[in-house]
There are 2 protein chains.
Amino acid sequence: MATIDKQEKETLLIALGGNALIRKGQVGSIEEQFENLKVPIRQIASLSRQYKIIITHGNGPQVGNLLLQQESCTEVPRLPLEILVAQTQGQIGYMIESSLDTALMELGVWTKQLLITLISYVVVDEKDPAFQNPTKPIGPVLSREQAKDLPYPTREVPGGLRRLVASPKPVTVVEKREIKSLVDNDFIVICCGGGGIPVIREGRAFHGVDAVIDKDLASAKLAEEIRVDVFLIATDVEGVALGYGGPDQRFLRHMTLAEAAQYEAEGHFPPGSMGPKIEAAVQFIKKRGNRAVITSIGAIEPAVAGTAGTEILVDVKF
Amino acid sequence: MATIDKQEKETLLIALGGNALIRKGQVGSIEEQFENLKVPIRQIASLSRQYKIIITHGNGPQVGNLLLQQESCTEVPRLPLEILVAQTQGQIGYMIESSLDTALMELGVWTKQLLITLISYVVVDEKDPAFQNPTKPIGPVLSREQAKDLPYPTREVPGGLRRLVASPKPVTVVEKREIKSLVDNDFIVICCGGGGIPVIREGRAFHGVDAVIDKDLASAKLAEEIRVDVFLIATDVEGVALGYGGPDQRFLRHMTLAEAAQYEAEGHFPPGSMGPKIEAAVQFIKKRGNRAVITSIGAIEPAVAGTAGTEILVDVKF
């Protein structure tokens, strides 16, 4: 095999969606999560021969479980949300890293590849309007009885109420210098789990805040800050569709920034699902990113090769 | 201030005991833990001007709380112990790293210092005799009723029963190459939390096991593997004492390997507390480590300077 000079490798940031760990209808046992991870991780191991790799990931069900445990157990001090996010970074980071160890061993490159999972926190603006209007539901569905004394805002959902938290925009990834240095030194880096631990800067300190940062937007911010070449969002559908779920559903292989804005205005992208992914990909391209692709967990390799997924393109003027 | 060439800095590994986070008599709220951390962290920030720093830490109360929550909440899948250790690495790593950010900002060196918390796992031998004879109590005190259906071995303690787990010896830190590379590149590294996530190697995979690795022994292993210059164990007493707690208690400022063996044989070092710390320090010196010191959380700086704590010395033959 021809060796590739590591200085010439492009960087590829892969944001893994929740279905990389837990599929629809699963209870989310650890065995299921490790099994599910094999699909994206084998592809990522293979891609590591051609790209410098950064992996980010979600944490929705995992942080929800920790919240549920806390509400059920009054014997130990309740932890603030940012600490639970930190816990899920440890948990999921370990699962991804050890799965990647196996995949790299299968390829016979494990002993040559540096690989690290790092705890990451992301600064948000305390004046972000999201703090005035929490909209992100997290954690379990609570009965009216369970929810009545909680100090949180809640929203009605089928079966009860769910806690709402703010979802402010990521301003900067605190460990960006470290991540850049690691990538430059050819480490595979797993970071920004769950969108990062949300913090605000107050004078000479970072303080955790009660919020959840969208993991795709945090990934786009990191991709911009460390200047990755390819930003790939892996989710549970094959790409961006017009009329998604309807009779005329049509998946797009590419979409310009102007088209994205037009389809968005036409209501094609629901805010809770595909919306933030497109926003993240668009943001990356607008910040002079090179390539942004939205694809399924099963099609990461072909999407990088340009034969699957939806690529977001700059508007070219002829 | 004279600048110190980073190539000439010695490396200092500091293993923080549980009292760095939670003191005796505290419930262990997050506010208490952040407040307690200021004592060691300010000293470590100061030492980072002269030394390359690696920080390891315990996780006993934190993992105990997660176990208690799991036993109280049957609605979510129970997680194996190694996943809980991974969660505490995220939690405590974030708390140490963000505390160190503040201390480095106070010193005006934050923007120049790379700093990282990494998830670490540590290989143990599946044939380690510890697996046949679990001796380490973890988690909450359970009533006889609570404990009767648990699939774990337990031990009688005042007020009930506690779960016992194996405490096998650390064989190797999986991320040692990464940690060495980071230290060489002048990163402050926080790692090996809770003694590391315990794994065994099976063919081309690492698998988590139900065990807890002593954090001082894991730290000694790391100190040996990446060849640190100074290995410091910070705990809740000022150093090693003969006749500890008795009328003739006498703290030692140093102790040779031969003296350590003699005092050990005389029963001066209780197995649950000072025993493993001395074993870890002795092991490091026997593996041709340079300096090993056991001191209190409050006296890290003077111990490094040689004016506090107990130093373990090689036997010099005249």
Side-chain angles (χ1 to χ4, degrees), chain A residues 27-30 32 64-66 68-80 82-95 97-99 101-102 105-106 110-111 114-119 121 140 174-175 177-178 181-182 185 187 190 193 197 199 203-208, chain B residues 27-30 32 64-66 68-80 82-95 97-99 101-102 105-106 110-111 114-119 121 140 174-175 177-178 181-182 185 187 190 193 197 199 203-208:
Chain A
V27 296
S29 71
I30 285 297
E32 284 170 340
N65 283 348
L66 287 169
L68 183 56
Q69 289 182 338
Q70 290 219 45
E71 301 306 342
S72 308
C73 177
T74 53
E75 295 167 76
V76 300
R78 187 178 279 169
L79 300 174
E82 75 268 15
I83 297 288
L84 305 186
V85 174
Q87 291 179 335
T88 64
Q89 288 189 350
Q91 168 183 354
I92 302 170
Y94 158 65
M95 295 174 69
E97 183 179 327
S98 59
S99 298
D101 285 333
T102 297
M105 285 179 199
E106 286 171 355
W110 184 72
T111 55
L114 295 165
L115 168 58
I116 208 172
T117 303
L118 64 96
I119 301 306
Y121 33 112
V174 174
E175 293 83 359
R177 294 175 303 157
E178 285 82 356
S181 170
L182 291 165
N185 285 288
F187 282 65
I190 301 160
I197 302 164
V199 298
R204 286 177 169 160
F206 295 111
H207 289 292
Chain B
V27 296
S29 72
I30 285 296
E32 284 170 340
N65 283 349
L66 286 170
L68 182 55
Q69 289 181 338
Q70 291 220 43
E71 301 307 341
S72 309
C73 177
T74 53
E75 293 166 78
V76 300
R78 187 179 277 170
L79 300 173
E82 75 268 15
I83 297 289
L84 304 186
V85 174
Q87 290 179 335
T88 65
Q89 289 189 349
Q91 169 183 353
I92 303 170
Y94 159 65
M95 295 174 69
E97 183 179 326
S98 59
S99 299
D101 284 333
T102 297
M105 286 179 198
E106 286 171 354
W110 183 72
T111 55
L114 296 166
L115 168 58
I116 208 171
T117 303
L118 63 96
I119 300 306
Y121 32 111
V174 173
E175 293 84 359
R177 293 174 302 157
E178 285 82 357
S181 170
L182 290 166
N185 285 289
F187 282 66
I190 300 161
I197 303 164
V199 298
R204 286 177 169 159
F206 295 111
H207 289 292

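Lettering follows sequence order; numbering is per chain, from 1. Keep in mind that the numbers below use all heavy atoms, side chains included, and drop hydrogens, waters and symmetry copies.
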Side chain from CB out, backbone as N, CA, C, O: work out which of these in B/Glu71 comes under 4.5 Å of a heavy atom of chain A, or both, or neither. neither

Is any side-chain heavy atom of A/Val199 closer than 4.5 Å to a side-chain heavy atom of B/Tyr94? yes

pair A/Ile30-B/Pro80: side-chain heavy atoms closer than 4.5 Å: yes

Do B/Leu66 and A/Leu66 touch side chain to side chain, with heavy atoms closer than 4.5 Å? yes

With only heavy atoms counted, which part of A/Leu68 is less than 4.5 Å from chain B, the side chain, the backbone, both or neither? both

Among B/Ile190, B/Ile116, B/Ile92, find the one that has a side-chain contact (heavy atoms from CB on, under 4.5 Å) with B/Glu97. B/Ile190

Below 4.5 Å, heavy atoms only, C-beta onward: do A/Gln89 and A/Tyr121 meet side chain to side chain? no

Please classify the contact between A/Leu114 and chain B as side chain, backbone, both or neither, with a heavy-atom cut-off of under 4.5 Å. both

With a 4.5 angstrom heavy-atom cut-off, which part of B/Ile197 approaches chain A: side chain, backbone, both or neither? side chain

Does any non-hydrogen side-chain atom of A/Asn65 lie less than 4.5 Å from one of B/Cys73? no

Under a 4.5 Å cutoff for heavy-atom pairs, which residue among B/Ser72, B/Gly64, B/Ser29, B/Ser99 has the most contacts with chain A? B/Ser72

Taking side chain as everything from C-beta outward and backbone as N, CA, C, O, which of these in A/Glu175 sits under 4.5 Å from a heavy atom of chain B? Side chain, backbone, both or neither. side chain

With a 4.5 angstrom heavy-atom cut-off, which part of B/Leu115 approaches chain A: side chain, backbone, both or neither? both

With chain B as the partner, which of A/Met95, A/Gln87, A/Glu106 has the greatest number of non-hydrogen pairs under 4.5 Å? A/Gln87

